[in-house]
Student: 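My questions all concern the structure below.
We use all heavy atoms of the structure for the numbers below, so side chains are in, but hydrogens, waters and symmetry mates are not. In this text the structure is predicted, and so the values were computed from the model without any measurement.
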Amino acid sequence: MSETGVVKFDCEHVVVELAPFAAFDSLNACRRKLLQLRMIGVDANGIGFGNLSARGGGTSEFHITGSGTGGRAQLELAEYAKVTAHNFTRNWVRCEGRTVASSESLTHAAVYDSAPAVGAVIHCHDRGLWLRLLSSAPATSADVEYGTPAMALEVQRLFRQPDVRERQIFAMGGHGDGIVAFGRDVDDAFSALMRHRTTT
C-alpha cells in the first residue's frame, strides 16, 4: 500500500529516556542482516518499511523500532519505543521513549497477546516470499489494511489455527509484500524467516 509507514492508531506518547533493555543488541544485529537483504529499508517514495520488536520477559510490554526508522543502518536507544499498553477496540497504543512506536505496533501486540511463548516479532517485505506464502501459508485477508484494529483481529484469527504457530510466519494479504515472522527470541524469529525464504 502507498501509505506504508503511516501511524494509524491513536498514540499516547510519553516522552522519556528509555532504560537499556536486554534485546537491544540482538534487535540491532537482526536489523543489519535484514537491511543487507533489503527486507527492511526505504522505498522509492522515501518511506521507511519494516520493523522489529522484542517482548519484555513475562509481560505484555515490548520494545519496537520507532516509526520511520526502516532505512537507518544502526538504531540508538532513542530510536526505539516501549509499548506499555494497547487496546484494539479503541485503536490505541501507549508508548514511551524519544520516538513514536512503529505503525505496525498493533500487529506486534496481537501476536504477543495470541502467543505467550513468542518473545520477538519481525515485520519485513519480500515480494517473492510474500507471493509464495499467499498460496502456501496462513495469510490475513486481502481486505484488511496494516496497522488497524481489523488487522489485529485477523492476526488473532490466524493464531486460532495451529498452522501459523508451527510455521512461525504469515503473509499480510492486504499489505503488499508484507510478512510477519516470530519466535521465542529475535534469533529464533530470524531463523524462521530465513527458513521460509530459502525453502518456500
Side-chain angles (χ1 to χ4, degrees), residues 7-12 14 18-31 34 40 50-67 80-97 100-124 133 137-141 144 146-173 175 178-197:
V7 173
K8 298 182 178 181
F9 51 77
D10 181 18
C11 182
E12 181 181 327
V14 181
L18 287 184
F21 61 97
F24 176 79
D25 289 337
S26 57
L27 284 171
N28 270 347
C30 185
R31 281 191 77 258
L34 293 170
I40 65 172
N51 39 75
L52 297 81
S53 71
R55 190 208 297 259
T59 74
S60 61
E61 299 179 343
F62 57 93
H63 288 86
I64 189 166
T65 51
S67 180
Y80 283 88
K82 182 180 181 181
V83 174
T84 58
H86 60 274
N87 185 297
F88 300 131
T89 304
R90 291 173 52 199
N91 194 26
W92 170 84
V93 166
R94 179 191 293 131
C95 67
E96 299 177 351
V100 174
S102 165
S103 58
E104 288 289 358
S105 292
L106 284 176
T107 302
H108 289 244
V111 174
Y112 292 129
D113 282 6
S114 299
V118 169
V121 176
I122 296 169
H123 166 59
C124 60
L133 290 174
T140 59
S141 170
V144 174
Y146 81 94
T148 62
M151 177 61 76
L153 293 175
E154 271 292 278
V155 172
Q156 291 176 324
R157 177 187 66 80
L158 289 183
F159 272 88
R160 289 194 288 271
Q161 307 170 10
D163 195 29
V164 72
R165 296 173 189 268
E166 295 169 3
R167 290 176 179 264
Q168 296 180 251
I169 198 167
F170 60 87
M172 304 175 81
H175 184 34
I179 298 158
V180 174
F182 52 90
R184 63 183 178 274
D185 55 28
V186 178
D187 290 342
D188 188 43
F190 182 75
S191 294
L193 178 62
M194 292 299 100
R195 182 170 66 249
H196 286 281
R197 193 170 189 259

Student: Grab the two heavy atoms, one from Phe159 and one from Ala115, that are nearest each other, plus how far apart they are.
Tutor: CE2-CB, 3.8 Å
Student: Taking all non-hydrogen atoms of both residues, which atom of Leu158 and which atom of Val164 are closest, and how far apart?
Tutor: O-CG1, 3.1 Å
Student: Within a strict 4.5 Å, meaning less than it, do heavy atoms of the Asp10 and Val93 side chains meet?
Tutor: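 The answer is no; the side chains never approach within 4.5 Å.
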Student: Considering only heavy atoms from C-beta outward, does the side chain of Ser26 approach that of Asp185 to under 4.5 Å?
Tutor: no
Student: Any chance you could measure Ser105, atom OG, to Asn51, atom CG, to the nearest 0.5 Å?
Tutor: 7.0 Å
Student: If you round to the nearest 0.5 Å, how far is CZ of Arg197 from CG of Leu133?
Tutor: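 Taking CG in Leu133 and CZ in Arg197, the distance rounds to 11.5 Å.
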Student: Taking Asp188's backbone N and O only, do any of them form a donor-acceptor pair with Arg184's side chain (distance below 3.5 Å, no angle check)?
Tutor: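 Not a single qualifying donor-acceptor pair exists.
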Student: Mind checking what makes ring-ring contact (aromatic ring centres under 6.0 Å, His included) contact with His86, not counting sequence neighbours?
Tutor: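 Testing His86 for ring-ring contact (aromatic ring centres under 6.0 Å, His included), a comparison that skips the adjacent residues, returns Phe88.
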Student: Can you list every pair that meets salt bridge (charged side-chain N to carboxylate O under 4.0 Å, His left out) and has a residue in residues 108-119, with sequence neighbours left out?
Tutor: none
Student: Do the non-hydrogen side-chain atoms of Leu106 and Trp92 ever get within less than 4.5 Å of each other?
Tutor: no
Student: Kindly indicate, with the supporting measurements, whether the criterion side chain to side chain contact (heavy atoms under 4.5 Å, CB included) is fulfilled by Cys30 and Ile122.
Tutor: CA-CA 9 Å; Cys30 185; Ile122 296 169; 3.8 Å; yes
Student: Is any side-chain heavy atom of Val83 closer than 4.5 Å to one of Arg94?
Tutor: no
Student: Can you find a pair of side-chain heavy atoms, one from Glu104 and one from Val180, that are under 4.5 Å apart?
Tutor: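 When only atoms from C-beta onward are counted, Val180 and Glu104 do not touch, as no gap falls below 4.5 Å.
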Student: Listed by chain and number, what are the ring-ring contact (aromatic ring centres under 6.0 Å, His included) partners of Phe190, not counting sequence neighbours?
Tutor: none
Student: Out of curiosity, Arg167 CZ to Arg195 CZ, how far, rounded to the nearest 0.5 Å?
Tutor: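 The CZ atom of Arg195 is 10.5 Å from CZ of Arg167, to the nearest 0.5 Å.
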Student: How far apart are the C-alpha atoms of His196 and Ile179, what are their side-chain angles, what is the distance that settles it, and do they pass the side chain to side chain contact (heavy atoms under 4.5 Å, CB included) test?
Tutor: CA-CA 11 Å; His196 286 281; Ile179 298 158; over 6 Å; no
Student: Please list all pairs meeting salt bridge (charged side-chain N to carboxylate O under 4.0 Å, His left out) that have one or both residues in residues 82-93, counting only residues at least two apart or in different chains.
Tutor: Glu61-Lys82
Student: Mind listing the closest non-hydrogen atom pair of Ala101 and Ile64 along with its distance?
Tutor: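 In terms of heavy atoms, the two residues are closest at CB-CG2, 3.8 Å.
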Student: Ser141: what forms a side-chain contact (heavy atoms from CB on, under 4.5 Å) with it, not counting sequence neighbours?
Tutor: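 side-chain contact (heavy atoms from CB on, under 4.5 Å) list for Ser141, sorted by chain: Asp143, Val144, Glu154.
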Student: Who passes ring-ring contact (aromatic ring centres under 6.0 Å, His included) against Tyr80, sequence neighbours left out?
Tutor: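 Tyr80 satisfies ring-ring contact (aromatic ring centres under 6.0 Å, His included) with Phe21, Phe24 once adjacent residues are dropped.
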Student: If you compare all heavy atoms of Cys11 against all heavy atoms of Val100, which two are closest, and at what distance to 0.1 Å?
Tutor: SG-CG1, 3.8 Å
Student: Is there a donor-acceptor pair under 3.5 Å between the side chain of Thr65 and the backbone N or O of Leu52?
Tutor: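 The answer is yes, because a donor-acceptor pair under 3.5 Å joins these two groups.
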Student: Tell me whether Arg55 contacts the main-chain N or O of Val118 through its side chain, where contact means a donor paired with an acceptor under 3.5 Å.
Tutor: yes
Student: Would you check, one step at a time, whether the test side chain to side chain contact (heavy atoms under 4.5 Å, CB included) holds for Ile169 with Leu193?
Tutor: CA-CA 7 Å; Ile169 198 167; Leu193 178 62; 4.0 Å; yes
Student: Would a 4.5 Å heavy-atom cut-off, applied to side chains only, mark Arg160 and Arg165 as touching?
Tutor: no
Student: State, yes or no, whether a side-chain contact exists between Val121 and Phe62 at a heavy-atom distance under 4.5 Å.
Tutor: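 They are not in side-chain contact.
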Student: Determine the minimum heavy-atom distance between Gln168 and Phe182, stating which atoms define it.
Tutor: NE2-O, 2.9 Å
Student: Restricting to non-hydrogen atoms, name the atom on Ala120 and the atom on Val186 that form the minimum distance, rounded to 0.1 Å.
Tutor: CB-N, 3.4 Å
Student: Using side-chain heavy atoms (C-beta onward) and a distance below 4.5 Å, is Arg157 in contact with Gln161?
Tutor: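 Yes. Closest side-chain heavy atoms under 4.5 Å.
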